[in-house]
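What follows is a short report on a single structure.
This one's a predicted model, so the numbers in the text were calculated from it and none came from an experiment. Just so you know, these numbers use all the heavy atoms, side chains as well, and skip hydrogens, waters and symmetry mates.
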Amino acid sequence: MFGGPDEMPAADRPAPPDRAADRVRVLLPLPLPGAYDYRLPPDVPAGPGDYVEVPLGPRRVVGVVWAEGGGGIEDGRLRPILRRFDVPPMPEVQRRFVDWVAAYTMAPAGAVLKMALGSAAGLEPPRPVTAYRLSDAPRPPGFKATPARRRVLEILSDGPPRGAAELALEAGCGIGVVRGLADAGVLEPVAMRVSEARRDPDWALPGPVLSGPQRDAAQALRAKVRAGDYGVTLLDGVTGSGKTEVYFEAVAQALEAGRQVLVLLPEIALSAQWLTRFEARFGAPPDLWHSDLTPHQRRTTWRAVATGQARLVVGARSALFLPFPDLGLIVVDEEHEGAFKQEDGVIYHARDMAVVRAHLGRVPIVLVSATPSLETVANCEAGRYERLDLPSRHGNAVLPEIRLIDMRADRPERGRWLAPSLRDALARTLEGGEQAMLFLNRRGYAPLTLCRACGFRLQCPNCTAWLVEHRLAGQLRCHHCDHCVKLPDSCPSCGTGGSLAACGPGVERVAEEAAFLFPEARIAMMTSDTLFGPHAVEELVRKVTGHEIDLLIGTQMMAKGHHFPLLTLVGVVDADLGLQGGDLRATERTFQLLSQVAGRAGRGDRPGTVFLQTYMPEHPVMQALLDTDRDAFLASEARERIAAGMPPYGRLAALIVSGEDMEAVDAVARRLGRTAPRMDAVQVLGPAPAPFALLRGRHRRRLLLKAPRGVQVQSLVARWLDQVPVPGSVRVQVDVDPYSFL
Ligand SMILES: [Zn+2]
Ligand SMILES: [Zn+2]
């Protein structure tokens, strides 16, 4: 398991060959084994780190000059570099980072470089952007000033022109509102250069008043940023303790020193409130980096980072690969989140790789969580990471009271999912004019549809998975591939009409029950199926904050970050759900998720209560939640993992063999099983069919290598793979430090 950057020896890079002045090695963003030699024409001066365009077969490809050229290819066959882009070279630290990540994750360096290039279009000088200001023209007849429109106009009434996306973000409305105002002639477009359109965050603005413990932690972090050297600090505090305000002080310090800052968040789209807080603190929005950016936004942000204009970037995990020339601080918020692990392409953990990036760049990094991962806690205990505690909630807020509902005794009626005691509590909360939340981490209406006549279960043809009914959309969907069908009228197996029955609850079904129980309540759902894009989330969050919603029902999308002062009751419909997977981190993840959900209750002046519906009230997770004794829980988790030699006290690497031809997949998997490393203390489990033995039409087999901490698993796995020929129809993926076992 990842134990800090010192654990990994330097990448096995070949010694630099003899210098040849007119040739360079260029790394291409393609899954190729290494960099290629190209000739450097006299009129194209390019050195290490420069972005260049080179021929590759019949194509032209953008690459990065990785090193001086070696021999190997005779001069006559060498093809020339076509052009060099006018943008600062990729910093040396970034290139070492690409090599490091490639070596650690056993991915081709070119595949990692692809993430670092982010947007090749950013290499070209930016075109002017369109910003908007208020028009002097009179309002057109029939103009309707909706609340959203009014917010846009208000923002522009005393401020500089802004781009449509930024205006929409600030006003908390869709971009269509801004466009509509422009079409109506109320706003007037102005062309601005990108650099003019930027507003830098202002570190000198006064921050909020901090409590004693917050101030101490903030000062400690500021000192680390001033010292400007590598060090990992865990900022550990319960939900609502004001961790964000504390690390904002470290951010301010880094900005004051004129350096760049990277804040990683698990799912950027969900953090509209974070952005509002950032802007309130620093007077300008941060630069964003996530998968929902428009090509234009990607281009400008990438370039602004590369040129050093972007002072602060907040982004999802791929932001880590942006070419910061002067990074002075990294913050990883919600460091325990599984979403930091990328599971396809280059399989890496962004939190762990962020620590490596900080180490290579000699800068401090702050990991932030209310429920830190066992990995991070173990690194603190081993003295590799430091720890700062924020012991209590900020202001008047106290931690919510946790109650377990034993579903074996306090049973819901048949076909219902809410226990009588939870129903009563909901009724009291809503009558008292407070808000409530029901949490069920399961999308759709019902997780399983089965035939009452013959017992047939509706399954995805491409995956080992049931089809999930989405009643609002009138569909059955597979949550693992794109397969979706209309709910059939009769059983596909026995042909009986009207025999299909929904089994178990999804979040839509809970919403149906709540609407039946509380017809007067204003109910809203918060799931990825009902909200599209950050603006929809933002709009809903605004409604909840403004008490236009009484009861919020949703999935884990709801669990994070949001701060609803009037919300005093949280009901968890199925607290046992996450424990069913049974993998290494099932209990840890369940504890983290439920703590996070529970943390939504009672964040204002009124105390909160959390009800957990469980069939296993005696389970250690439920008992730990009941006692809010996180450290005892972590200690017992640690004891079990030590006894089993499991991460973070041992190392794992998974091989996933997949392909459409089951026999070919099995042949490779068996051969890997036979050639598995045989060493003391190293154990190889499998091959075995993966829990998803069929996924998106591909058959899957897994092998798992387990080794003590000191073993460098990468070289072991590399030697192992070298012995097994793999036909083109079969893929073998390596997952170092796996988090998913599916
Ligand atoms: Zn049937
Ligand atoms: Zn499927």
Side-chain angles (χ1 to χ4, degrees), residues 2 5 8 10-14 25-38 48-49 51-54 56-57 59-67 90-123 264 289-291 298 302 306 315-324 339-354 356-357 360 653-659 696 698 713-715 717-718 720-722 726 728-740:
F2 187 79
M8 176 90 183
D12 304 331
R13 247 187 297 175
R25 295 183 79 80
V26 176
L27 187 64
L28 303 175
L30 299 166
L32 301 167
Y36 287 172
D37 273 19
Y38 282 92
Y51 299 87
V52 291
E53 190 172 56
V54 296
L56 181 74
R59 292 193 288 157
R60 291 168 154 237
V61 188
V62 171
V64 176
V65 177
W66 217 244
M90 179 179 282
E92 203 247 336
V93 57
Q94 180 74 13
R95 283 178 280 136
R96 280 194 289 140
F97 181 55
V98 168
D99 282 333
W100 206 102
V101 173
Y104 190 86
T105 61
M106 303 188 70
V112 181
L113 178 68
K114 188 164 191 281
M115 302 193 288
L117 276 179
S119 168
L123 296 165
L264 291 178
W289 190 262
H290 55 82
S291 55
R298 290 184 88 74
W302 189 92
R317 56 191 180 223
S318 58
L320 188 56
F321 293 93
L322 288 168
F324 294 94
F340 282 123
K341 183 75 194 277
Q342 173 152 305
E343 298 285 2
D344 52 4
V346 180
I347 302 180
Y348 69 94
H349 199 300
R351 175 200 59 216
D352 296 346
M353 295 306 108
V356 171
R357 177 66 181 80
L360 293 174
L655 300 188
I656 303 108
V657 187
S658 70
R696 296 179 205 99
R698 294 174 75 87
V713 297
Q714 286 86 352
S715 53
V717 171
W720 182 12
L721 291 176
D722 274 348
V726 179
S729 65
V730 175
R731 189 169 57 180
V732 179
Q733 276 179 296
V734 182
D735 184 354
V736 177
D737 308 336
Y739 275 65
S740 163

### Message
So, using ring-ring contact (aromatic ring centres under 6.0 Å, His included) as the criterion, who are the partners of F97 when residues are at least two apart?
### Response
F321
### Task
Start with the C-alpha gap between Q714 and Y104, add the side-chain angles, then the distance that decides, and say whether side-chain contact (heavy atoms from CB on, under 4.5 Å) holds.
CA-CA 7 Å; Q714 286 86 352; Y104 190 86; 3.3 Å; yes
### Query
Quick one: CZ on R298 to NE2 on H290, what's the gap to the nearest 0.5 Å?
9.0 Å
### Message
Can you give me the closest heavy-atom contact between A653 and V713, atom names plus distance?
### Response
CB-CG2, 4.3 Å
### Listed partners of R95 passing side chain to side chain donor-acceptor pair (under 3.5 Å), at least two apart
none
### Query
Does R357 come within less than 4.0 Å of D352, counting only side-chain N to carboxylate O?
no
### Message
Between V54 and R60, does the side-chain contact (heavy atoms from CB on, under 4.5 Å) criterion hold? Intermediate values first, please.
### Response
CA-CA 6 Å; V54 296; R60 291 168 154 237; over 6 Å; no
#### Entry: Nearest-0.5 Å distance, CG of residue L56 to CG of residue L30
6.5 Å
### Task
Using ring-ring contact (aromatic ring centres under 6.0 Å, His included) as the criterion, list what pairs up with Y51, not counting sequence neighbours.
W302
### Message
Please check this pair: side chain of E53 against backbone of V62, looking for a donor-acceptor N/O pair closer than 3.5 Å.
### Response
no
### Message
What's the separation between atom CH2 in W289 and atom CG in L264, rounded to the nearest 0.5 Å?
### Response
13.0 Å
### Query
Closest approach of L320 and A350, non-hydrogen atoms and distance?
CD2-O, 3.5 Å
### Query
For the residue pair P323 and A116, what are the closest heavy atoms and their distance?
CD-O, 4.3 Å
### Task
Measure the shortest side-chain to side-chain distance between H349 and R317 over non-hydrogen atoms and say whether it is less than 4.5 angstrom.
no
### side-chain contact (heavy atoms from CB on, under 4.5 Å) between V732 and L721, worked out
CA-CA 9 Å; V732 179; L721 291 176; 3.9 Å; yes
### Query
Between V112 and A107, which heavy-atom pair has the shortest distance, and what is it?
CG2-CB, 4.4 Å
### Task
Any chance you could measure Q94, atom CD, to L322, atom CG, to the nearest 0.5 Å?
8.0 Å
### Query
Is there a donor-acceptor pair under 3.5 Å between the side chain of R25 and the backbone N or O of A35?
yes
### Message
Nearest 0.5 angstrom please: Q733 CD to E343 CD, how far?
### Response
9.5 Å
### Query
If you look at every heavy atom in K341 and V736, which pair is closest and at what distance?
NZ-O, 3.9 Å
### Message
For a 4.5 angstrom cut-off between non-hydrogen side-chain atoms, does I347 reach T105?
### Response
no
### Message
Does any part of the side chain of V64, heavy atoms only, come nearer than 4.5 Å to the side chain of V26, both counted from C-beta?
### Response
no
### Task
Identify the heavy atoms of A109 and V98 that sit nearest to each other, and give their distance.
O-CG1, 3.7 Å
#### Entry: Derivation of the side-chain contact (heavy atoms from CB on, under 4.5 Å) call for M115 and S318
CA-CA 7 Å; M115 302 193 288; S318 58; 5.6 Å; no
### Message
So, taking the atom named CD1 in I656 and the one named OG in S740, what distance separates them when rounded to the nearest 0.5 Å?
### Response
7.5 Å
### Message
Do D737 and Y348 make a side-chain contact, defined as non-hydrogen atoms from C-beta onward lying under 4.5 Å apart?
### Response
no
### Message
Counting C-beta onward and ignoring hydrogens, is there a side-chain heavy-atom pair between V65 and Y38 closer than 4.5 Å?
### Response
no
### Message
Within the structure provided, determine whether D735 and L655 are in side-chain contact (heavy-atom separation under 4.5 Å).
### Response
no
